[in-house]
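Have a look at the structure below, then the notes.
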There are 2 protein chains.
Amino acid sequence: MSQLDAVIRQSRRLKRGEYLFRSGESFKSLYAVRTGVFKTSVASQDGREQVTGFLMSGELMGLDGISSNVHGCDAIALEDSEVCELPFGRMEGLSREIPSLQHHFYRLMSREIVRDQNVMLLLGNMKAEERLAAFLLNLSQRLASRGFAANDFILRMSREEIGSFLGLKLETVSRTLSKFQQQGWLVVDHKHIQLIKPEELKALIAGCAHAHGV
Amino acid sequence: MSQLDAVIRQSRRLKRGEYLFRSGESFKSLYAVRTGVFKTSVASQDGREQVTGFLMSGELMGLDGISSNVHGCDAIALEDSEVCELPFGRMEGLSREIPSLQHHFYRLMSREIVRDQNVMLLLGNMKAEERLAAFLLNLSQRLASRGFAANDFILRMSREEIGSFLGLKLETVSRTLSKFQQQGWLVVDHKHIQLIKPEELKALIAGCAHAHGV
DNA sequence: AAATAAGCTTGACTCTTATCAAAGCAGGGA
DNA sequence: TCCCTGCTTTGATAAGAGTCAAGCTTATTT
């Protein structure tokens, strides 16, 4: 484990808006978020952007680079942030010596695949209200598991970025937030969200959530 | 390598419509398609189905089960098929002894993540015509790489399954195929597809394809 | 502090795709 | 072979989300 420590000690700070890596750059390391928030996104040739995730502390970026030795997405800090760099070659070597580390990596990658499948379910089957409810509840749950308030938080991303992640336009995100507020389910003050009746949001996605657990 | 052979020799045959595994079942093995075609799908509580992939020979199913030891999707044969079972525990052990196998596994899982990101791009940003064009070209390319004809093939899945994968209703799939046929880009005869002008389909998705290669 | 830019909200209108419905076709089983 | 069932096609209509536009708030720059 001290070997592991030696490898991951290096960390890097980024300012808001700064790129951690870009699609097409050569892949050398994975990055774990230490503090702050990131978005990852893939861009099409004509400039359309698909945000593929919003990452917070403890979450890993760059797994998509392993297959081709080239990063497959952009990773951008949404606020001043800090990451640990994990040189993949060394991690791979270590994981041969430490079975539990190897197993941990397999599980991490598998978890990312499960997460992606859930996003597909969201993008393929849900309506705008369901998507936004699912998004807010997911955020809430992840904040709560990190010791932050579950029902009172600041959005680190713009309406446009939320829309890109959810397959919606920014106007639709804005309108849907307003609708939730009118119904008394939450209070929106720009980036500040207070969930008043999270159970109503949960009811909204009860049917369309994945059938077997989280 | 003979050790590897010993592990993967076991194979299993399935009839059309048969489940290879179901979401919620305990995870023990990965499965590689040997012959035939499978679909994987996740279901929501109210019965909505999202097809997450169509798999052909050489492709791997079950990676999403590693994270939780429980399968996260259903896998169903779309025609009489054969798979190799790869007991994951043994593969994990072997991969510690054979570095190239370990690396291969990391790459496989990463490739699945990249594939999922591209599906997100499709579901989040593309219009019906673009989705279907991307789907047909992807199928064509994968068939070609297996030695089959690139521009003349049989769809193994129904319009409804295609629609589920692409986030469209079956009627939209049918209409869009008809439109392509009217334009002389392809010929549809039920499940039989002949691509006449694949370059037109490529032109349709030129803008919305991923910016940095495959 | 004023000026400017960026992001957000809301309204009016349009367009794509979903929904509902009916009819056609094809393959499998008796 | 014939019938039945399931899949597909096509049309008419409706609903959801997108587009365009204007005004407003907040943040940044000078």
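Naming convention: chains lettered A, B, ... in sequence-line order (proteins, then strands); numbering from 1 in each chain.
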Notebook entry, point to check: Donor-acceptor pair under 3.5 Å: do we get one between A/Glu171's side chain and the base of D/dC20?
Noted result: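 Indeed there is one.
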
Between [X] ([atom1]) and [N] ([atom2]), how many Å, whole number?
X        : N      : atom1 : atom2 : value
A/Asn125 : D/dG16 : CG    : P     : 16 Å
A/Glu160 : D/dA17 : CD    : P     : 18 Å
A/Leu166 : D/dA17 : CG    : C1'   : 13 Å
B/His190 : C/dG27 : NE2   : C1'   : 11 Å
A/Leu170 : C/dG7  : CG    : P     : 10 Å
B/Leu177 : D/dT8  : CG    : P     : 10 Å
A/Arg156 : C/dG7  : CZ    : P     : 16 Å
B/Glu130 : C/dT16 : CD    : P     : 11 Å

Report which part of the nucleic acid [X] touches: base, sugar-phosphate, or nothing (heavy-atom distance under 4.0 Å, all strands).
X        : value
B/Leu168 : sugar-phosphate
B/Gly163 : nothing
A/Arg16  : sugar-phosphate

Next item on the list: Determine the sole option in A/Arg16, A/Arg156, A/Lys191 for which the salt bridge (charged side-chain N to carboxylate O under 4.0 Å, His left out) test with A/Glu79 is passed.
Entry: A/Arg156

Among [options], which nucleotide sits nearest the side chain of [X]?
X        : options                : answer
B/Ala128 : C/dT9, D/dT9, C/dT17   : C/dT17
B/Arg175 : C/dC8, D/dT9, D/dT10   : D/dT10
A/Ser158 : C/dT9, C/dT10, C/dC8   : C/dC8
A/Lys191 : D/dA17, C/dC8, D/dT8   : C/dC8
B/Lys169 : C/dA18, D/dA17, D/dT19 : C/dA18
B/Ser174 : D/dA17, D/dT8, C/dT9   : D/dT8

Between [X] and [Y]: side-chain donor-acceptor atoms closer than 3.5 Å:
X        : Y       : value
B/Ser29  : B/Glu85 : yes
B/Ser41  : B/Glu49 : yes
A/Arg146 : A/Ser57 : yes

Margin query: Which is more 5' along DNA chain D, the nucleotide nearest A/Asp189 or the one nearest A/Arg131? Just name the residue.
Written below: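 Upstream on the strand: A/Arg131.
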
Item checked: Within-4.5 Å side-chain heavy-atom neighbours: A/Phe180 and A/Leu132 -> yes

Notebook entry, point to check: Which residue, A/Val173 or B/Gly167, contacts DNA chain C at a nucleotide closer to its 5' end, judged by nearest heavy atom?
Noted result: A/Val173

Item checked: Distance-minimising heavy-atom pair for A/Asp64 and B/Gln117 ->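 Answer, listing the atom of A/Asp64 first, then B/Gln117: OD2-OE1, 3.6 Å.
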
Check: Between A/Ser178 and C/dT10, does any side-chain N or O lie under 4.0 Å from OP1 or OP2?
Finding: yes

